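So you know, we letter chains A, B, ... as the sequences are listed, proteins then strands, and number each from 1. All figures in this text were calculated on a predicted structure; none of them were measured in a lab.
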Amino acid sequence: MAAAPFMFFLLATVSVVAAIGMLVARSPVYSALWLVLNLFCVAGLYLTMNATFIGVIQILVYAGAIMVLFLFVIMLLNLDALPQLEEIDWGMVAGFVLGVVVLSQLLYVIASGFDLPMEAMGASAETGSAESLGIALYTRYALHVEVAAVLLLAATVGAVMLAQKRFE
Amino acid sequence: MDLSQAFSTMAADLPAIFSMSVVTVAGLVMILQESLSENDRPIPWIGVGALAVAVVWELVHLGDPAGTAFFESIRTGGFASYINLIVLGSGIVTIILSVPYLDHIKHAYGEVYAMIMFATVGMLMLGTANSLVSIFVGLETMSVCLYVLTGLIREDEGSVESALKYFLLGAFSTGFFLYGIALMYGATGTMYLPEMQGAVPEGSIMFWAGVALFLIGFLFKVSAAPFHMWTPDVYQGAPTPLTGYMSTASKAAAFASLILVLFYALPDERWSLVLSAVALVTMIIGNVLAVSQDNVKRMLAYSSIAHAGYVLVALAAGTTEAYAGAMFYLLIYAIMNLGAFGVMAMLEWDGKEGRVQSLDSLAGIGHEKPLLGVAMGVFMFSLTGFPPLGGFMGKYAVFAPAVDAGLTWLVLIGVLMSAISAYYYLRVVVVFWLADAEDTPEAQAASRSFVFAGIPVKATIALCAVALVVLGVYSGGLLEMTFGFFEEGMMAATP
């Protein structure tokens with residue numbers, strides 16, 4: 001039973017650390033890799049809450065497609081800033097993992113000391129499935145989906161319009 | 001949820017999104033026309049036609065009782081029709097003014113008009129939102145289109161600067177906004193505004209932190225201080241008629257949405273002080289900084305900050321009369337500003353979307369172009385709040401309820417600031433009419449190759465000016481009508 005809250009603290013700590021790492025990293029490529037770690041942790045958080053579909057989509061779309069695009073852009077624009085390959089310092093990695101685990105344990109203890117609610121929302125396996133998500137999207141949120149489609153179309157058309165070469 | 005039943009419910013709700021659907025379909029048709037046909041001429045007029053149809057529809061439904069549609073996603077009835085009318089009307093005026101302007105600067109692409117239509121769709125959703133999801137989707141649809149429109153003149157560095165600034169800061173504020181929504185949802189377990197009020201746990205820090213972030217996002221969009229920094233640069237660098245659209249329709253929709261949030265979800269006294277402080281700072285910053293501006297577009301940008309402050313005075317008062325006054329003010333403000341930006345669009349000669357030319361370079365222009373000069377005079381006097389023009393009635397409508405609510409000190413500052421604003425508004429009138437072009441070196445140096453203002457443009461600008469005079473003399477049942485939106489029963493939480 002205690003595994004779920006602990007998983008939350010572990011993933012949350014790693015994602016916060018990764019977010020900070022993304023901000024302070026000197027090289028844009030390292031920043032992007034930190035962001036990948038952050039996105040994976042968030043996907044893990046979704047999984048612990050039984051939102052399996054969103055968790056998988058998070059990895060596929062964000063960590064997969066969008067991050068590849070980011071790296072593409074970085075490589076295209078910023079060749080000078082690419083980092084030199086270094087030997088991975090396994091001691092550092094081990095230290096990072098241990099530190100994060102201990103930190104999340106401490107946070108867990110502190111949080112229980114403050115009487116914060118530790119139970120996840122009562123989400124069963126069905127609520128996170130693609131089927132229930134689809135039903136909600138196309139009934140309760142149907143109008144929002146339609147307007148979001150307009151948003152995406154506008155963004156595409158706008159980007160193409162601004163990128164065109166017909167400006168003289 | 002039973003699917004077939006859900007679909008029949010939605011089919012029955014379709015009239016509620018009539019305007020949204022018409023505008024969307026027209027936008028799609030415009031894009032197809034642009035890409036498939038060589039003839040771009042009809043594109044803006046398709047848009048004007050569709051918007052006019054939607055205007056007629058909303059006018060017919062102005063007296064409807066309040067309700068919700070699409071599983072309580074959006075509100076229907078008088079309030080929704082009223083704000084939709086402001087947005088749709090601004091859209092029509094903007095498109096008519098843009099046609100000769102964009103021809104003149106050789107950026108008359110069909111997609112521009114389609115983007116205006118899509119932005120309108122977002123505003124229609126934002127102004128009638130009944131849940132936080134609707135607010136967010138509407139706001140983003142509107143914003144993305146506006147980012148693109150701001151950067152339209154890509155070869156001019158001022159336009160690119162303003163678009164990039166708007167985009168980056170806008171994305172940043174969206175982050176705040178979304179985080180706020182997440183916290184509010186986490187604390188209450190509901191996205192629907194009317195349910196939120198009852199669902200706030202006692203002493204929940206999470207909820208109030210969420211509301212604070214949420215308000216930051218909103219205050220950014222309505223350019224209230226201290227989140228106003230982007231406004232002057234963005235307004236100055238964007239194509240002028242589209243700046244008018246940005247400063248009127250998007251603000252009207254965002255304010256309407258904020259009023260819905262305050263009315264339903266946060267009818268709490270504690271917001272009064274926060275909003276009063278923001279209103280105070282906004283009015284002072286907007287008015288004081290506008291005084292020293294030499295460029296009319298930049299001056300109007302600061303003036304729009306100041307006017308956001310006046311509306312916030314009403315929101316700080318938080319009474320039914322104050323909300324009604326704010327809704328009335330939004331209409332007046334939309335007419336004044338669309339007109340003022342429209343005139344400036346027609347008086348542009350620098351080929352850099354008017355961000356370089358100074359006010360003095362337009363010395364004596366009133367004698368040369370009497371219609372634009374007179375109309376500008378009406379807009380400037382109205383923005384100052386001179387009786388008997390619409391601006392006076394609007395200011396009265398927001399300030400009087402604030403006095404009743406005990407915010408006399410705030411109203412005093414507001415009136416004082418309006419007095420300061422007389423200086424920079426009337427300076428425009430003085431330069432337009434009383435200054436002599438022969439005596440002004442800057443006017444001599446100006447090339448003065450203006451946009452050719454045809455009949456539709458002149459008619460539109462004249463109509464705005466006449467509407468201000470009429471609304472000032474006889475605001476008729478409008479104020480009573482806006483008041484009616486907020487009465488018990490009309491705004492029933494759930495149908």
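For the options A/Val160, A/Leu153, A/Leu152, heavy-atom pairs under 4.5 Å to chain B are most numerous at A/Leu153. Contact count against chain A (heavy-atom pairs under 4.5 Å) is highest for B/Phe70 among B/Tyr147, B/Phe70, B/Phe136. Highest contact tally toward chain A, considering only B/Val144, B/Val137, B/Val133, B/Thr9, is held by B/Val133 [criterion: heavy-atom pairs under 4.5 Å].
At least one donor-acceptor pair closer than 3.5 Å links the side chain of A/Ser31 to the backbone N or O of A/Met22.
The contact between B/Met20 and chain A is made entirely by side chain atoms (from C-beta outward), counting heavy-atom distances below 4.5 Å. Looking at B/Leu149, neither its backbone nor its side chain comes within 4.5 Å of chain A, counting heavy atoms on both sides. With a 4.5 angstrom heavy-atom cutoff, B/Ser134 touches chain A via backbone and side-chain atoms both. Heavy-atom distances place the side chain of B/Ser131, and not its backbone, under 4.5 Å from chain A.
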From CA spacing to verdict: side chain to side chain donor-acceptor pair (under 3.5 Å), B/Lys165, B/Thr150: CA-CA 10 Å; B/Lys165 215 172 242 179; B/Thr150 309; over 6 Å; no
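With no hydrogens or angles considered, no side-chain donor-acceptor pair links A/Tyr108 and A/Thr13 at under 3.5 Å.
Under the side chain to side chain contact (heavy atoms under 4.5 Å, CB included) rule, A/Val147 has a single partner from B/Thr141, B/Ile17, B/Leu124, which is B/Thr141. Of the candidates B/Glu353, B/Glu155, B/Arg154, B/Glu155 is the only one forming a side chain to side chain donor-acceptor pair (under 3.5 Å) with B/His107.
In this structure, B/Met123 and B/Ile83 have side chains that are not in contact, with every pair of non-hydrogen atoms separated by 4.5 Å or more.
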